[in-house]
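Before any comments, here is the structure.
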Amino acid sequence: MRDLYIYNSLTRQKELFKPINEGFVGMYVCGPTVYSDVHLGNVLTFTNFDIIYRFLLHLGYKVRYVRNITDVGHLLDDGEDRMLRGAKADNLEPMEVAQKYSNGFHHMMRVFNNLEPSIEPRATGHILEQIEMVQAIMDNGYGYVANGSVYFDTIKFAKATGEYGKLSGRVIEELLVESRDNLKNQDDKRHPADFAIWMKASPEHIMKWNSPWSVGFPGWHLECSAMSTKYLGNHFDIHGGGNDLKFPHHENEIAQNLGACRCTPANYWLHTNMLLLNGKKMSKSDGNNVSPAELFTGDSPFLSKGYSAMTMRFFILQSHYGSTLDLTDEGLQAAEKGLKRLMEANKALQSLETKQLDSAELDAEINGLCEQIYVDMCDDFNSPKALSRLFELVPKINSLSNGVIPMNQISSASLEKLKKVFRQFIFDVFGLLDDENSNASGPLDGLMELILDLRQQARTNKDWPTADKIRDKLVESHIVVKDGKDGTSWSIG
RNA sequence: GGUCGGGUGGCCGAGCGGCUAGGCAGAGCUCUGCAAAAGCUUGUACACCGGUUCGAAUCCGGUCUCGACCUCCA
């Protein structure tokens with residue numbers, strides 16, 4: 001298998017990826033909290049991990065990809081559970097809220113052509129495991145009970161292990177200093193850096209379970225520790241998530257795992273960066289936001305028109321997962337055209353044939369670029385660079401296709417390899433779909449065939465006024481007519 | 001305030017010591033009844049000031065500036 005290098009957030013450097021078990025990868029990615037519709041930021045994160053997952057599969061790894069669904073315990077500022085807030089807003093049971101938005105999330109993942117994870121556990125389905133983990137943390141002396149809730153003793157843990165803050169770069173002394181001002185706001189906690197691993201529920205709280213400490217519910221960070229351990233073991237290969245989860249969520253997750261079993265959960269931590277809009281983080285809470293629905297329809301002050309999910313996916317591919325991505329209308333337009341160009345080139349490529357059996361002039365360059373695509377992807381999943389290689393090949397393909405370069409300048413072996421690399425990277429690794437194919441227009445097709453046939457007759461008779469009238473009227477109806485070498489095609493837009 | 005990451009051509013976005021990606025837009029050309037579409041070719045760049053080096057967008061120091069996180073967020 002090829003050498004794969006991954007930027008590890010934990011060590012802040014690129015490292016050679018060495019799986020714990022040869023040929024196998026265990027990967028855990030923090031999934032969404034299903035209390036409202038997914039937004040494009042979520043899409044960015046999960047699409048980035050989808051590409052990572054797909055490439056690992058492509059390299060030949062057997063991957064167990066676990067991505068959770070948070071349906072309890074993720075609290076708002078005022079202490080209200082996100083799920084309950086959602087339930088009140090929609091007048092639904094909490095589990096109806098979870099189901100509704102899980103469905104929406106799954107639908108959107110499919111629209112963006114993200115593969116399903118191997119296991120998608122829910123927090124509410126793993127209450128027992130979470131209670132057991134709280135107990136293990138207590139047994140190791142890193143938890144304390146206060147008023148029915150259980151808190152993780154961050155300070156004690158930090159002092160005993162020296163492990164707290166490594167991922168996020170927090171300094172424990174600063175946490176201590178901070179405490180003096182903030183302590184009065186923290187009811188039961190001994191220290192503001194402590195965090196709840198089990199919360200006692202108030203009487204009106206609906207989502208609650210029995211536990212040794214109280215009728216309550218698990219803390220938000222706990223579910224990921226418990227579920228990753230359950231499905232991947234207490235030590236696995238990759239843990240991923242959005243950058244904004246690095247602290248406190250992932251830091252606390254590590255603390256919990258260490259606190260429960262003295263085991264660092266993952267060898268490699270991957271963090272995707274944020275989606276920006278107007279240079280600022282896209283965020284539902286402050287309105288700096290474009291929803292997937294708005295993206296598709298174009299019904300947003302930030303967009304001039306609608307864009308397909310594949311355009312967005314291509315847009316995502318053009319930047320590295322570790323960099324912020326600034327969503328702009330102009331950027332999306334560029335992506336839309338770029339995607340089309342790539343797809344057209346691939347279509348042309350797949351229909352090329354050559355009888356050249358010996359090696360030929362173009363072979364070295366083409367094989368070199370094909371190889372580079374792998375090198376780029378193995379360098380911390382550098383999809384923009386890999387994509388650029390594909391685009392470097394496009395002029396060659398088009399020139400072969402339209403006869404500017406004769407077909408005997410490429411050997412059949414190289415041509416087959418090129419075809420395969422294009423197919424595999426565009427569809428299998430990058431997960432792009434051809435929008436054109438899914439755009440079948442039903443009854444319009446027959447109608448357009450008739451109209452274009454009439455126009456062709458006029459053109460054959462050199463009746464330009466009639467031919468142009470048809471074309472102009474169609475443009476008014478947002479149908480563009482394109483006269484090509486092999487007949488006339490049309491498209492909506 | 002603390003921690004971290006950025007500032008690259010008109011826009012987006014890679015590269016991170018020499019070989020100066022790529023997409024879009026622009027320009028030229030080809031095709032075409034005209035147009036559109038498509039294709040081919042192609043220019044402009046590394047926030048600022050010092051330093052290290054034979055050589056820096058890339059390393060070091062400083063300045064300005066933007067953003068993320070610091071218990072709501074993917």
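Letters A, B, ... mirror the listed sequences (proteins, then strands); counts begin at 1. None of the values given here were measured: they were computed from a predicted structure. Just so you know, these numbers use all the heavy atoms, side chains as well, and skip hydrogens, waters and symmetry mates.
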Practice problem: Would you say whether A:F46 stacks on B:rA74? The test is a distance between ring centres of less than 5.5 Å and an angle between planes of less than 30°. | Solution: no
Practice problem: Please lay out, stage by stage, how A:R122 and A:D71 fare under the test salt bridge (charged side-chain N to carboxylate O under 4.0 Å, His left out). | Solution: CA-CA 7 Å; A:R122 287 169 173 251; A:D71 55 1; 3.5 Å; yes
Is the distance from OP1 or OP2 of [N] to the nearest side-chain N or O of [X] less than 4.0 Å?
X: A:N398; N: B:rC40; result: yes
X: A:R471; N: B:rG33; result: no
X: A:K281; N: B:rC69; result: yes
X: A:R341; N: B:rG23; result: yes
X: A:T33; N: B:rC73; result: no
X: A:N382; N: B:rG15; result: yes
X: A:K482; N: B:rA36; result: no
X: A:K246; N: B:rA68; result: no

Quiz item: Does any donor atom in the side chain of A:D329 or A:Q333 lie under 3.5 Å from an acceptor atom in the other side chain?
Solution: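 Present: a donor and an acceptor within the cut-off.
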Quiz item: Any side-chain donor-acceptor pair under 3.5 Å between A:Q256 and A:S225?
Solution: yes
Self-check item: Aromatic plane relationship, A:Y28 with A:H239 - under 30° parallel, 30 to 60° tilted, over 60° perpendicular
Solution: tilted
Separation of [X] atom [atom1] from [N] atom [atom2], in whole Å?
X: A:Q318; N: B:rC11; atom1: CD; atom2: P; answer: 16 Å
X: A:I316; N: B:rA14; atom1: CD1; atom2: P; answer: 13 Å
X: A:E392; N: B:rC40; atom1: CD; atom2: P; answer: 13 Å
X: A:N346; N: B:rG39; atom1: CG; atom2: P; answer: 14 Å
X: A:K347; N: B:rA37; atom1: NZ; atom2: C1'; answer: 14 Å
X: A:M109; N: B:rA74; atom1: CE; atom2: P; answer: 12 Å
X: A:H320; N: B:rG22; atom1: NE2; atom2: P; answer: 19 Å
X: A:I405; N: B:rG39; atom1: CD1; atom2: C1'; answer: 12 Å

Side chain of [X]: nearest nucleotide among [options]?
X: A:F247; options: B:rC70, B:rC12, B:rG22; result: B:rC70
X: A:R455; options: B:rG22, B:rC34, B:rA74; result: B:rC34
X: A:R389; options: B:rC70, B:rC34, B:rA21; result: B:rA21

Quiz prompt | Cation-pi geometry met for A:R67 and A:F46 (6.0 Å, 45°) | solution = yes
Exercise. Verify the neighbour count for atom CD of A:Q350: are there more than 12 heavy atoms of other residues, nucleotides or ligands below 6.0 Å?
Key: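 More than 12 heavy atoms, drawn from other residues, nucleotides or ligands, come within 6.0 Å of this atom.
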Practice problem: Using the P atom on both, measure B:rU8 against B:rA45 and round to a whole Å. | Solution: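 These two P atoms come out 14 Å apart once rounded.
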Practice problem: By nearest nucleotide on RNA chain B, pick out whichever of A:H39 and A:K396 is the more 5' one. | Solution: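 By nearest-heavy-atom nucleotide position, the 5'-most residue is A:K396.
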Practice problem: Could you say whether A:L387 or A:N402 is positioned toward the 5' end of RNA chain B, judged by the nucleotide with the nearest heavy atom to each? | Solution: A:L387
If you look at every strand shown and take non-hydrogen atoms under 4.0 Å, does [X] touch a base, only sugar-phosphate, or nothing?
X: A:P395; answer: sugar-phosphate
X: A:G242; answer: sugar-phosphate
X: A:S489; answer: nothing

Quiz item: Does the base of B:rA35 carry an N or O that pairs as donor and acceptor with the side chain of A:D483 under 3.5 Å?
Solution: yes
Practice problem: With a 3.5 angstrom cut-off on both distances, give the Watson-Crick or G-U wobble partner of B:rC24, or none if there isn't one. | Solution: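 Check on B:rC24: paired to B:rG10, both distances under 3.5 Å.
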Exercise. Could you please name the partner base of B:rC34, counting Watson-Crick and G-U wobble pairs only when both distances are under 3.5 Å?
Key: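 Base-paired to nothing in any strand shown.
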Exercise. Given side chain to side chain contact (heavy atoms under 4.5 Å, CB included), test A:H221 with A:I197 step by step and report yes or no.
Key: CA-CA 7 Å; A:H221 312 302; A:I197 48 183; over 6 Å; no
